[in-house]
S.K.: 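If you scroll down you'll find the structure; I have some questions about it.
Naming convention: chains lettered A, B, ... in sequence-line order (proteins, then strands); numbering from 1 in each chain.
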Protein chains: 2
Amino acid sequence: MYICGMELQEAKEKFIQTWGALGSQWGINRTMSSIHALLITSNEPLSTENIMEQLKISRGNANMNIRALIDWGLVKKQLLAGERKDYFTASKDVWEIARVIAKERRKRELQPVIEIVSELKDIREKNEEAEAFKEVISNMENFTTQVDRVLEKFVKSDRNWFYRSLLNLIR
Amino acid sequence: MYICGMELQEAKEKFIQTWGALGSQWGINRTMSSIHALLITSNEPLSTENIMEQLKISRGNANMNIRALIDWGLVKKQLLAGERKDYFTASKDVWEIARVIAKERRKRELQPVIEIVSELKDIREKNEEAEAFKEVISNMENFTTQVDRVLEKFVKSDRNWFYRSLLNLIR
DNA sequence: TTTTATTTTCAGTATTTTTTGAAAATTAAA
DNA sequence: TTTAATTTTCAAAAAATACTGAAAATAAAA
């Protein structure tokens, strides 16, 4: 019985809940981030059934979201000797997690925007209104390609570069 | 009649559509980002009715989302002399837009996570499993507070600092 | 091969989120 | 005042999204 502080189980549940809520605020579905959080906090690989049980979700739901996580590169299958079931793990390394998420979002979201912005430059009209629009688009292209380059660097970098760069930025 | 390239109107519509889709991928509702995009590309302030017409949405919907945008600091009311209606504008400055979005998301999302992570540190248990969890949480606290500091700096910085920093990062 | 365990799929259902539209509230002019 | 224009609210409807559960597919063991 703990007077202050909290028990491990309670903390894990709170973490799973928070991670889930955070994900859904960022356009990732709640179950997917909850499963991710569960795996992050689990000290051993979990099977689909473990996950279904602990999060009280159906097999179909578990299966779909595990696959999505694997697709993102956030979760890996682990074959356990003598076991027929698949087991799953997630990296506990926060920097690595951030790196993978940045990599995927760059690919899935930033790249398409850059493409479309680049298309939108081709306007022939020459009046004031058109020029103003072109100016916005041109700035946006500038901005997105710069951000893209930074993300690319981050994704390819190592932990030391990242933490060193952060320090430089806030210096 | 244009052979290649596109007309201004078409480009604007494409931009509005893209911006809307992007927003919804990032947990901001599609109408809200579409209104924002419409205002970014408009060369004059627009009234609620203008917005309703151009995006084909209801008055209630327009009103709620305009207010949300004002709440975020992305849109401003503009009183037009001799007009009774409210008119709205949005900054066309991409850097400024990014700054405001970073500011709001930092306040609304990063801060709460930092708070919760800090709470989760108080675990009394001392077994191996608890230590592993504490390690994850501690790294997460580290990471989030560092990112928070960079965002704070960005939010308070000027355009020059930002572009200079980006250049330094990718150098 | 057949049997059994496991994973995948997906139509139907449930839930959540967004939107509408009309009534109520507010604001400014008459 | 009263009247008219405008904005806000919010219950109900619609749309989008997520979830279930059972059947089909796959893979491994017997």
S.K.: Taking the nucleotide of DNA chain D with the nearest heavy atom to each, does A:R84 or A:I28 sit closer to the 5' end?
M.R.: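 The residue whose closest nucleotide sits nearer the 5' end is A:I28.
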
S.K.: Dump the intermediate steps for salt bridge (Lys or Arg N to Asp or Glu O under 4.0 Å) on B:E104 and B:K107, then the final yes or no.
M.R.: CA-CA 5 Å; B:E104 284 299 303; B:K107 187 175 78 190; 3.4 Å; yes

S.K.: Restricting to non-hydrogen atoms, name the atom on A:V136 and the atom on B:V94 that form the minimum distance, rounded to 0.1 Å.
M.R.: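 What the structure gives for the nearest pair is O-CG2, 4.1 Å.
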
S.K.: Under 4.0 Å between a side-chain nitrogen and a carboxylate oxygen: does that hold for A:E135 and B:K92?
M.R.: no

S.K.: Are OP1 or OP2 of C:dT18 and a side-chain N or O of B:T31 less than 4.0 angstrom apart?
M.R.: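 The answer is no; no side-chain N or O of B:T31 sits under 4.0 Å from OP1 or OP2.
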
S.K.: Indicate yes or no: at least one non-hydrogen side-chain atom of A:I101 is less than 4.5 angstrom from one of A:I28.
M.R.: no

S.K.: Judged by atom type as modelled, is there a donor-acceptor pair below 3.5 Å linking the side chain of B:T145 to the main-chain atoms of B:E141?
M.R.: yes

S.K.: Is a side-chain N or O of B:K134 found less than 3.5 angstrom from the main chain of B:E125, in a donor-acceptor match?
M.R.: yes

S.K.: Hey, are A:N50 and A:S47 close enough side-chain-wise for a donor-acceptor pair under 3.5 Å?
M.R.: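 Yes, because at least one side-chain N or O of A:S47 sits under 3.5 Å from a partner of the opposite role on A:N50.
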
S.K.: Round to a whole Å and report the spacing from NZ of A:K77 to P of C:dT6.
M.R.: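 Checked: the NZ to P distance equals 14 Å.
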
S.K.: Counting N and O atoms only, with roles assigned by atom type, does the side chain of B:N65 sit under 3.5 Å from a partner on the main chain of B:N61, one being a donor and the other an acceptor?
M.R.: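 Confirmed, B:N65 side chain pairs with B:N61 backbone.
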
S.K.: What parts of residues 35-72 of chain B reach DNA chain D, counting only heavy atoms under 4.0 Å away?
M.R.: B:R59, B:G60, B:N63, B:R67

S.K.: Reading DNA chain D in the 5' to 3' direction, which nucleotide is the first one with an atom under 4.0 Å from a heavy atom of chain A, and which is the last?
M.R.: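 Listing 5' to 3', DNA chain D meets chain A from D:dA18 to D:dA29.
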
